[in-house]
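Beneath this line is the structure, given in structure tokens, with notes to follow.
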There are 2 protein chains.
Amino acid sequence: MNRKEKLIYDARAKIFKALAHPTRLWITQKLVDSERCVCEFVDELDVDFSTISKHLSVLKQAGIVEDDKRGKQVYYRLKVPCILKFMHCVEAVIEYQAKEHNKLIK
Amino acid sequence: MNRKEKLIYDARAKIFKALAHPTRLWITQKLVDSERCVCEFVDELDVDFSTISKHLSVLKQAGIVEDDKRGKQVYYRLKVPCILKFMHCVEAVIEYQAKEHNKLIK
DNA sequence: ACAACATTTGGTTATTATGCCATATGTGCA
DNA sequence: TGCACATATGGCATAATAACCAAATGTTGT
């Protein structure tokens, strides 16, 4: 891997890293339908609101979401909706593994 | 996020985590064309071979690749080729960001 | 200006990931 | 059998991540 490749793969890895957390994936999924207020995540997730805020910050830094302050509240939305398409592939990996696992048990 | 959702998003996050490293992304990309021997990675990457072996193990645990020992060498291949399609989306995120960055500079 | 609210940021600690070295395992060949 | 090669595994030091609490920031309504 040369220097140029290194830069490319670092940049890509950053996107994957941002998505590599259950809470952030859940948030991303929520944003597929429509933008959401941070307060909605706070209500639905059982973690400290500061934690949620940091997760949102990671997604924002990675360029996956963008935010928008309206009054007291901050709304987040997906910047690049194609993210969701990959979930089918991810599910395929999981199902494939489940199948293999069953084979081993039988 | 309820208990069932938690399980789903944990499983998905595991896949993303496996891909969330430049070296592992690079390896994955190499495997898109054809299977590869571990030795090829050792030659092309400037890290200890034990490190490469561990990266491959992470990808294998996640169900992204499978291996196959032939003689002294071990060959790895992609188990679920759809992984690559996502790269287009990842590139879109990166380009979008680059564009915005340029705007800010001008 | 002040209080109440929504969110972000800083600090601390616990957990996890990474990379190297040394060692173990497995394979083919002399 | 014994040696050389290819890969995997265990151990350890260091770095990165995640969660919480506390405090700061910014906004609306009084």
Side-chain angles (χ1 to χ4, degrees), chain A residues 1 3 5-7 9-28 30-31 35-77, chain B residues 1 3 5-7 9-28 30-31 35-77:
Chain A
M1 180 154 49
R3 224 162 292 180
E5 279 183 313
K6 175 77 177 136
L7 288 175
Y9 286 100
D10 278 349
R12 290 183 183 175
K14 192 184 170 190
I15 316 277
F16 281 97
K17 264 187 198 157
L19 293 167
H21 189 288
T23 302
R24 291 198 290 269
L25 276 181
W26 184 92
I27 288 172
T28 304
K30 284 284 164 185
L31 294 179
E35 63 169 19
R36 305 262 176 175
C37 165
V38 178
C39 57
E40 295 180 62
F41 301 134
V42 172
D43 290 343
E44 296 184 58
L45 291 167
D46 195 27
V47 283
D48 195 85
F49 55 86
S50 70
T51 302
I52 294 171
S53 182
K54 277 175 189 172
H55 281 311
L56 286 165
S57 166
V58 171
L59 289 170
K60 188 177 163 185
Q61 288 301 315
I64 295 167
V65 303
E66 59 191 355
D67 63 340
D68 180 10
K69 188 159 196 170
R70 297 210 284 280
K72 275 190 288 190
Q73 294 168 329
V74 179
Y75 289 82
Y76 279 83
R77 79 185 72 87
Chain B
M1 181 156 45
R3 223 163 292 182
E5 279 183 313
K6 175 78 177 134
L7 288 175
Y9 286 101
D10 278 348
R12 291 183 182 177
K14 192 185 169 190
I15 315 278
F16 281 96
K17 261 184 201 159
L19 293 167
H21 190 287
T23 303
R24 292 197 291 270
L25 276 182
W26 184 91
I27 289 173
T28 304
K30 284 283 165 187
L31 294 178
E35 65 170 19
R36 305 263 176 175
C37 164
V38 178
C39 57
E40 295 180 62
F41 300 135
V42 172
D43 290 344
E44 296 185 57
L45 292 167
D46 193 27
V47 284
D48 196 85
F49 56 87
S50 69
T51 301
I52 294 171
S53 184
K54 276 177 190 171
H55 281 310
L56 287 165
S57 166
V58 171
L59 288 170
K60 189 178 165 185
Q61 289 301 316
I64 295 167
V65 303
E66 60 191 356
D67 62 341
D68 181 11
K69 189 160 196 169
R70 294 210 288 278
K72 275 191 289 191
Q73 294 167 328
V74 178
Y75 288 84
Y76 280 82
R77 79 183 72 85

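Atom set for the values below is all heavy atoms of this structure, side chains included, hydrogens, waters and symmetry mates excluded. Here is the naming used below: chain letters follow the sequence lines, and residue numbers restart at 1 for every chain. Note that the coordinates shown come from a computational prediction; the quantities given were computed from them, not determined experimentally.
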**OP:** Using a strict cut-off of less than 4.0 Å between a Lys/Arg side-chain nitrogen and an Asp/Glu carboxylate oxygen, indicate whether A:Lys30 and A:Glu44 qualify as a salt bridge.
**Re:** yes

**OP:** Quick one: closest heavy-atom pair of B:Pro22 and A:Lys6, and the distance?
**Re:** CG-NZ, 4.0 Å

**OP:** Nearest whole angstrom, please: distance from the C1' of C:dA17 to the CG of B:Leu59.
**Re:** 14 Å

**OP:** Measure the distance from CD on A:Gln73 to P on D:dT27 and round it to the nearest whole Å.
**Re:** 13 Å

**OP:** Using the criterion of both pairing distances under 3.5 Å for Watson-Crick and G-U wobble pairs, give all stems of 3 or more consecutive pairs involving DNA chain C.
**Re:** C:1-30 with D:1-30

Original post:
Starting at CG of B:Asp43 and ending at C1' of D:dT7, how long is that distance when rounded to a whole Å?
Top reply: 14 Å

Subject >> Whole-Å gap separating C1' (C:dT18) and CG (A:Asp10) >> reply: 14 Å

Original post:
In terms of side-chain geometry, is the basic nitrogen of B:Arg12 or B:Asp10 positioned less than 4.0 Å from the acidic oxygen of its partner?
Top reply: no

**OP:** Report, as yes or no, whether the 6.0 Å neighbourhood of atom CG on A:Asp68 holds more than 12 heavy atoms from other residues, nucleotides or ligands.
**Re:** yes

**OP:** Grab the CE-C1' distance between A:Met1 and C:dG19 for me, whole Å please.
**Re:** 14 Å

**OP:** Begin from the C-alpha positions of A:His21 and A:His55 and carry the test side chain to side chain contact (heavy atoms under 4.5 Å, CB included) through to its verdict.
**Re:** CA-CA 9 Å; A:His21 189 288; A:His55 281 311; 3.6 Å; yes

Subject >> Between C1' of D:dT7 and CD of B:Glu40, the distance in whole Å >> reply: 14 Å

**OP:** Look at the side chain of A:Lys72 and decide which nucleotide, out of C:dT7, D:dG26, D:dT7, has an atom nearest to it.
**Re:** D:dG26

Original post:
Around atom CG of A:Asp46, are there more than 12 heavy atoms of other residues, nucleotides or ligands at under 6.0 Å?
Top reply: no

**OP:** Please work out if A:Phe41 contacts a base, only the sugar-phosphate, or nothing of the nucleic acid, heavy-atom cut-off 4.0 Å.
**Re:** nothing

**OP:** Classify the nucleic acid contact of B:Tyr75 as base, sugar-phosphate or nothing, counting any heavy atom under 4.0 Å across all strands shown.
**Re:** nothing

Original post:
Hey, mind stepping through A:Gln73 and A:Val38 against side chain to side chain contact (heavy atoms under 4.5 Å, CB included) and telling me if it holds?
Top reply: CA-CA 7 Å; A:Gln73 294 168 329; A:Val38 178; over 6 Å; no

Distances for protein N or O near nucleotides 17-23 of chain D N or O, under 3.5 Å:
residue: D:dA18; atom: OP1; partner: A:Arg24; partner atom: NH2; Å: 3.4
residue: D:dA18; atom: OP2; partner: A:Arg24; partner atom: NH1; Å: 3.3
residue: D:dA19; atom: OP1; partner: A:His21; partner atom: NE2; Å: 3.4
residue: D:dA19; atom: OP2; partner: A:His55; partner atom: NE2; Å: 2.7
residue: D:dC20; atom: OP2; partner: A:Asp48; partner atom: N; Å: 3.1
residue: D:dC20; atom: OP2; partner: A:Thr51; partner atom: OG1; Å: 3.1
residue: D:dC20; atom: N4; partner: A:Lys54; partner atom: NZ; Å: 3.0
residue: D:dC21; atom: N4; partner: A:Ser50; partner atom: OG; Å: 2.8

Original post:
B:Lys69 has an atom NZ; how far is it from atom C1' of D:dA8, in whole Å?
Top reply: 8 Å

Original post:
Does A:Glu66 come within less than 4.0 Å of A:Arg77, counting only side-chain N to carboxylate O?
Top reply: yes

**OP:** Nearest whole angstrom, please: distance from the C1' of D:dT7 to the CZ of B:Arg36.
**Re:** 18 Å

Original post:
Nearest heavy-atom pair of A:Tyr76 and A:Leu31: which atoms, and what distance?
Top reply: O-CD2, 3.3 Å

